[in-house]
Amino acid sequence: MTRLRKRAIQIATLIVAAVVTPAQAAGPGVHLQLPVEAAMQDAGEYARLFSVSLDEAMHRLRAQAATIPATDALRTEFADRFAGIAVEHSPGYRITVLLTGSDPVADRSVIAGGLVVPILFRTGAVVTRDVLLDRIRTHQADIRAALPHPPGIGVDQRTGEMVIMVATADLALDRDGALTTRFATMTGVPVRIVAVDASAAEMAMPAPAQDEVTAPVAAPLDVLGGGRVVGTDPRDGKRYVCTTGFVVSNGGQDAVATAAHCPDDLRYVDRGRGDRALGYVGQWGWGYQDVQINRVPDAADRVPPLPAFYADTAKRQARTVATWRNRTSTRAGDFVCHRGERTGYSCAPVAMVDFAPAGDLCGGACLPTWVAVEGPTCKSGDSGAPVFEGQVALGLVKGGTYRPDGSCLFYYYMSTDYLPPGWTLAYR
């Protein structure tokens, strides 16, 4: 078992994790997936979304993981010109690298996952990614002060632009591009303004009536990621539903991570409607964190939980965590999945790796350290949910950003890089 970290304050999140093996049942009717089964499940979603064969989808997802070292190396090789990197899925599978300046760089390719993956270099970006991030940090307060509603701000590594996501009600301020020009002049970088819903809502969901009467169980109950947790918020006396994320450990205690904005005292509700209290350890919730740790109950005849999480909507498939990936190695366009208590299992590409959510959801303004994923759904109840690629742990869902019509533009998650000190992801 190994590493995880903790909490943030106020934002929409989802929770998922799981624990099962033949020697350690997660419950009747739950199947622990083999690695190939996990890969085939995610590939099925990829094939459906991008209209390719299952075989092609399998090759592409293997290539996605296998090209990480190559793209990490490119960031270092072109550090003084690096503006962005993105995985593209159409018209073919390829990687694009955006550079500043006009000096051309010859295209390359890498063999990965049984594919020859083209690496295409595009020049002409105005500033590097590091400059964009610096300008967000420097001017975020000024940008927020210029708008009635605090906007979301991120870096589009495909275009080399600062993206400012304003509330629909504030879009009129950009008549004839006046606001775009003002922010571009203020920051000295290219700016694109996008209209979204007025606010980012938290994703802890009020608990339905049936969750008021669960049956405490006498036998030890394994706690899996992607499971249901319910607790009462003392501020309003209401009960809320969140999702468990990944199993974690501090070397002496076993625990599970969820979102910091969920209630402190939680009960884990299993598939058979039994429940068990999870001891509150702590929460961390500032500019770059939204994570809470709850301890898995001890029992004399209980073995440590396996590092597993539910990986399907019906909670009949679970998979173990084999490793994790740092946010710095995550790319725009990477195909990732999550399993939330409200929305179930779904997969979609990463939209932005450097995103600061709108509003004051991080004890004030959020830092541009959140990863935004293209939905497909954002709903209350998914707070704390695990985000993963196959058996690779990526992060915990925090909240969602919505289009003017109320549909989900994307959800965003906290990378497992930011688990609280002393806590690490459990894996095997």
Nearest 0.5 angstrom please: R75 CZ to T71 OG1, how far? 5.0 Å
Got a donor-acceptor contact below 3.5 angstrom from the D174 side chain to the L179 backbone? yes
side-chain hydrogen bond (donor to acceptor under 3.5 Å, both in side chains), that's the test. Do Q33 and Q41 meet it? Break it down for me. CA-CA 10 Å; Q33 294 179 331; Q41 179 185 348; 2.6 Å; yes
Return yes if a side-chain donor-acceptor contact under 3.5 Å exists between E45 and S346, otherwise no. no
Counting only N and O atoms by type, is there a donor-acceptor contact under 3.5 Å from the side chain of N250 to the main-chain atoms of Q253? yes
Find the distance between CZ (F355) and CD1 (I153) and round it off to the nearest 0.5 Å. 9.0 Å
Checking H59 side chain against G113 main chain: does a donor-acceptor pair fall under 3.5 Å? yes
Verify the distance criterion only: is there a donor paired with an acceptor across the side chains of Q64 and E389 at less than 3.5 Å? yes
Can you tell which of F410, Y411, Y310, F388 makes a ring pair (Phe, Tyr, Trp, His ring centres under 6.0 Å) with H338? Y411
Any chance the side chains of R331 and T67 put a donor and an acceptor closer than 3.5 Å? yes
Please lay out, stage by stage, how Y427 and T323 fare under the test side-chain contact (heavy atoms from CB on, under 4.5 Å). CA-CA 6 Å; Y427 69 94; T323 186; 5.6 Å; no
Rounded distance (nearest 0.5 Å) linking atom CZ of F335 with atom CG of L61: 6.5 Å
Could you check whether R182 pairs with D142 (Lys NZ or Arg NE/NH1/NH2 to Asp/Glu carboxylate O, under 4.0 Å)? no
Closer than 3.5 angstrom, by distance alone: can the side chain of N294 be matched with the main-chain N or O of D264 as a donor-acceptor pair? yes
Would you compute the distance between atom OG1 of T128 and atom CZ of F78 and round it to the nearest 0.5 angstrom? 14.5 Å
Going through the checks in order, is the salt bridge (Lys or Arg N to Asp or Glu O under 4.0 Å) test met by R327 and D354? CA-CA 9 Å; R327 186 177 73 88; D354 311 294; 2.9 Å; yes
The side chain to side chain donor-acceptor pair (under 3.5 Å) partners of E374 (sequence neighbours excluded) come to none
Check whether any side-chain heavy atom of I136 lies under 4.5 Å from a side-chain heavy atom of I143, and answer yes or no. no
Between R144 and G359, is there a donor-acceptor pair closer than 3.5 Å when you use the side chain of the first and the backbone of the second? yes
Going from CG on L132 to CZ on R137, what distance comes out if it is rounded to the nearest 0.5 angstrom? 11.0 Å
Before we go on, tell me: are the rings of Y46 and H89 under 6.0 Å apart, centre to centre? yes
N/O donor-acceptor pair under 3.5 Å between Q391 side chain and T320 backbone: yes
Please list all pairs passing the disulfide (SG to SG under 2.5 Å) test where one or both residues lie in residues 30-79, with sequence neighbours left out. none
Could you measure the distance from the CD1 atom of I119 to the CG atom of L74? Nearest 0.5 Å is fine. 5.5 Å
Between R319 (side chain) and G390 (backbone), is there a donor-acceptor pair under 3.5 Å? yes
Pairwise side-chain contact, F82 with E77, heavy-atom cut-off 4.5 Å (strictly under): no
Could you check whether any side-chain N or O of Q292 sits under 3.5 Å from a backbone N or O of P263, counting only pairs where one atom can act as donor and the other as acceptor? yes
